[in-house]
Amino acid sequence: MSRNLRTSKEGITFAPQKQYLNKMKYYSTNKQTPVVDLQTAVVKGLAADKGLFMPENICPLPASFFDNIENLSFHEIACEVASAFFGEDIEKEILVSIVKETLNFDTPVVPVSNSIYALELFHGPTLAFKDVGARFMARLLGYFIRKQGLTDVNVLVATSGDTGSAVANGFLGVEGIHVYVLYPKGKVSAIQECQFTTLGQNITALEIDGTFDDCQALVKSAFMDGELNGRMKLTSANSINVARFLPQSFYYFHAYAQLKRIEKKSQLVFCVPSGNFGNLTAGLIAQQMGLPVKRFIAANNKNDIFLQYLLTGFYKPQPSIQTLANAMDVGDPSNFVRILDLYHHNHEIITQIISGFSCDDEAIRNTVKSCYESTGYILDPHGACGYLALLEKLQPNETGVFLETAHPAKFKDTIDAILQQSIEIPAKLQTFMRGTKQSLELGKDFDGFKWFLLGEI
Ligand SMILES: *Cc1c(COP(=O)(O)O)cnc(C)c1O
């Protein structure tokens, strides 16, 4: 077989050499800077004008792909979607191996009650959907580093709990990259803490004597410090990064394939428990690539800025409110600008495609309890918002799928108190809990942090 003409199993031909000539470009949602290539978008994370990067083309997938999707494995589906985004920038064999290594776990669709299904995204190493994006980004960054012969790239990430574990585990053992996880001392749960402090290898946990905002401020100052950037290669693994955000579309296609197998694919409604709206935006992009989705529901906790936007047409960021579904406690969702951009700021179209929903902590508690009592299914507080939104908003003839974004055991104290029992902790989580905590305590002053980082090189 010639080097630049390959035939995949489905009989589609690829000519990678030629495709390299016109790589996918990424533009900024603020449109004040020139377009960049994938590598720049991934390494920089945020555009120079502070906008978010978007792919210039969202390529519709061929009808033959959807006709045959129920016969494809998750890997095959994800490879097809990945090549629509990244196929012009990465050799096919490498992209296939990145996808395979990323998705070393399943995302099953599980029936919960009449016409309502859970898309379980918690079967990865840290039991939350962020594993998909973090694992993909780690491998993509690793590839760029190898290609350029770079070493010693340092990823800084501030976390209030879940992001740190997904990023640390995603980057664990990736050569050429060292990860520093900054977290507020005493303010993350024991289960969350053990997921990024017990790893060792190329992961360093920094326990900051301050709040999450202090951690985030340290990371921001580090990126702006000329001396530090002159001496160390620093990058961020923030969730707005295209390499974390786009791969989240893989499991929407996989969910569709599973529903097609059981003849439940028509009138499909995806309901997405949302905080920064990255997960929902990935679903909207899947729809634009041809995935037959009837509509979306954005489920929120009391932080209902998006719902208010749908109702009024005005977007008013608010200080975040603390709730039981704490990964969704976001008062100014970063991916909102991507949604506006996708639909050219057209409020009417946005309201046709997405409906909103908001519920308070009491509703979350009642939903976890009543769902368990009537179906036996244990929801986590985030999935509970999604399930409740479907119970209230699903129309007859529609099939509803809510994204179960984390395993309930990650919120064991909350769920145990609601269900009045001790829920089981999956073996994967127990392994973390048996590890030895290794962390370094630092103050919240930037000089101390900078001195520490410079001492590392
Ligand atoms: C991050 C997170 C969310 C919110 O996802 P976004 O993409 O930010 O909207 C929901 N649930 C869980 C468990 C999370 O960790």
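Residue numbers start at 1 and run along the sequence shown. Both counts, for ligands and for their atoms, begin at 1 and track the order of listing.
Side chain to side chain, His178 and Thr204 meet the donor-acceptor criterion of an N or O pair below 3.5 Å.
Side-chain rings of Tyr387 and Phe402 approach one another, their centers coming within less than 6.0 Å.
Residues with a heavy atom under 4.0 Å from ligand 1: Phe129, Lys130, Asp162, Pro273, Ser274, Gly275, Asn276, Phe277, Gly278, Asn279, Ala327, Met328, His382, Thr405, Ala406.
The side-chain tip of Arg338 points at the ring of Phe245 from less than 6.0 angstrom away and within 45° of straight on.
Although no hydrogens or angles enter the test, the distance criterion places no donor-acceptor pair under 3.5 Å between the side chain of His382 and the main chain of Glu404.
Counted within 6.0 Å of NZ on Lys187, heavy atoms from surrounding residues, nucleotides or ligands total more than 12; the atom is thus considered enclosed.
Between Lys31 and Asp341 a salt bridge is recorded (basic side-chain N to carboxylate O distance below 4.0 Å).
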